[in-house]
Amino acid sequence: MAVSRLLSRPLLGAFFVASGIDSLRNANAIAVEAKPVTDRFVPLVERAAPGLPVPTEAVTWVRINGAVQILAAGALVTGRAPRIASGVLAATLVPSTAARYRFWEAGDPARRRELATHFFKNVSLTGGLLIAAGDTEGKPGLAWRARRAAKDARREARHLAHSAKREAKLVKAELT
């Protein structure tokens, strides 16, 4: 593993461990901010998964988000499925950012600047997580491997077709 990955994964994951712990410890306070987001989110989940029991309380969603952040950050830090962990962390960052840092609603200019700073910090973290989610560690990705297999199959098919034509001409020559 490259030194940059060895250092950057724990640094990136540390924020989410701290954020997840904060979400679990202060779920009631965060739920007040998260309620507008969960009120829009719950009906979408209920429509997408009609047979599943979907929690409706904002506190439960805050706790779920915090727990998922801790688990995914642990996976990222330890290098266990880092691409999946990065994608999961990016997905958890979207609702938490929308819930906690709505700077456009703040009336006080100082509060607006503070919320905007946190909002754009989270947007930047999302970008870093998306880069980490696409990182194949220098190994070819699945798409490249599929294209390569298709190219090899086409080349092999052309070779076999050419060989078959040559063999057919030899058999025809022997028969005449």
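Values below: all heavy atoms of this structure, side chains included; hydrogens, waters and symmetry mates excluded.
Arg80 contributes no side-chain N or O that, together with a main-chain N or O of Ala75, makes up a donor-acceptor pair within less than 3.5 Å. Not a single donor-acceptor pair under 3.5 Å links the side chain of Thr60 to the backbone N or O of Thr56. Remark: the backbone N or O of Phe15 is not paired with any side-chain donor or acceptor of Ser19 at under 3.5 angstrom. Using a distance-only test at 3.5 Å, with no hydrogens or angles considered, a donor-acceptor pair links the side chain of Arg102 to the main chain of Glu33. Judged by distance alone, the side chain of Arg9 and the main-chain N or O of Val77 form no donor-acceptor pair under 3.5 Å.
By the 6.0 Å contact criterion, CD1 on Ile84 is open, its count of non-hydrogen atoms from other residues, nucleotides or ligands being 12 or less. Arg40 CZ: 12 or fewer foreign heavy atoms inside a 6.0 Å radius.
Shown here for Ala27 and Val59, the closest heavy-atom pair between the two residues is CB-CG1, 4.0 Å. The minimum heavy-atom distance linking Ala106 with Arg111 is given by the pair CB-CG, 4.2 Å. In plain terms, the two heavy atoms of Thr78 and Gly74 that are nearest each other are OG1-O, 2.8 Å. In this structure, Gln69 and Ser96 approach most closely via the heavy-atom pair NE2-OG, 4.0 Å.
Under the 4.5 Å side-chain heavy-atom criterion for Ile, Leu, Val, Met, Phe, Trp and Tyr, Leu89 and Leu93 are members of the same hydrophobic cluster. Side-chain heavy atoms closer than 4.5 Å link hydrophobic residues (I, L, V, M, F, W, Y) into clusters, and following such links, even through other members, never connects Leu52 to Ile64. One hydrophobic cluster, built from ILVMFWY side chains closer than 4.5 Å, cannot hold both Val32 and Trp61; they sit in different ones. Both Val45 and Val42 are part of a single hydrophobic cluster, where members link through side-chain heavy atoms under 4.5 Å apart. Taking hydrophobic clusters as Ile, Leu, Val, Met, Phe, Trp and Tyr residues chained together by side-chain heavy-atom distances below 4.5 Å, Ile21 does not share a cluster with Leu12.
Residues Ser86 and Arg83 are not in side-chain contact: their nearest non-hydrogen atoms beyond the backbone lie 4.5 Å or more apart. Using a 4.5 Å cut-off on side-chain heavy atoms (C-beta onward), Leu76 and Val88 make no contact. Contact check for Lys151 versus Arg154: side-chain heavy atoms found under the 4.5 Å cut-off.
Residues satisfying the salt bridge (Lys or Arg N to Asp or Glu O under 4.0 Å) test with Asp152, not counting sequence neighbours, are Arg148, Arg155.
Screening residues 118-128 for side chain to side chain donor-acceptor pair (under 3.5 Å), with sequence neighbours left out, gives Thr97-Asn122.
Remark: Ser23 OG to Asn65 CG distance equals 6.0 Å, nearest 0.5 Å. Here Lys169 contributes atom NZ and Glu174 contributes atom CD; the two are 15.0 Å apart, rounded to the nearest 0.5 Å. The NZ atom of Lys172 sits 15.0 Å away from atom CD of Glu167, with the distance rounded to the nearest 0.5 Å.
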Working note: Thr38 + Val62, criterion side-chain contact (heavy atoms from CB on, under 4.5 Å); need CA distance, chi angles, decisive distance, verdict.
CA-CA 9 Å; Thr38 59; Val62 169; 5.8 Å; no
Determine, step by step, whether Arg63 and Asn28 satisfy the side-chain contact (heavy atoms from CB on, under 4.5 Å) criterion, reporting the C-alpha distance in whole Å, the side-chain angles of both residues, the deciding distance to 0.1 Å, and the verdict.
CA-CA 9 Å; Arg63 288 185 180 135; Asn28 291 328; 4.2 Å; yes
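Aromatic ring centres of Phe120 and Phe103: separated by under 6.0 Å.
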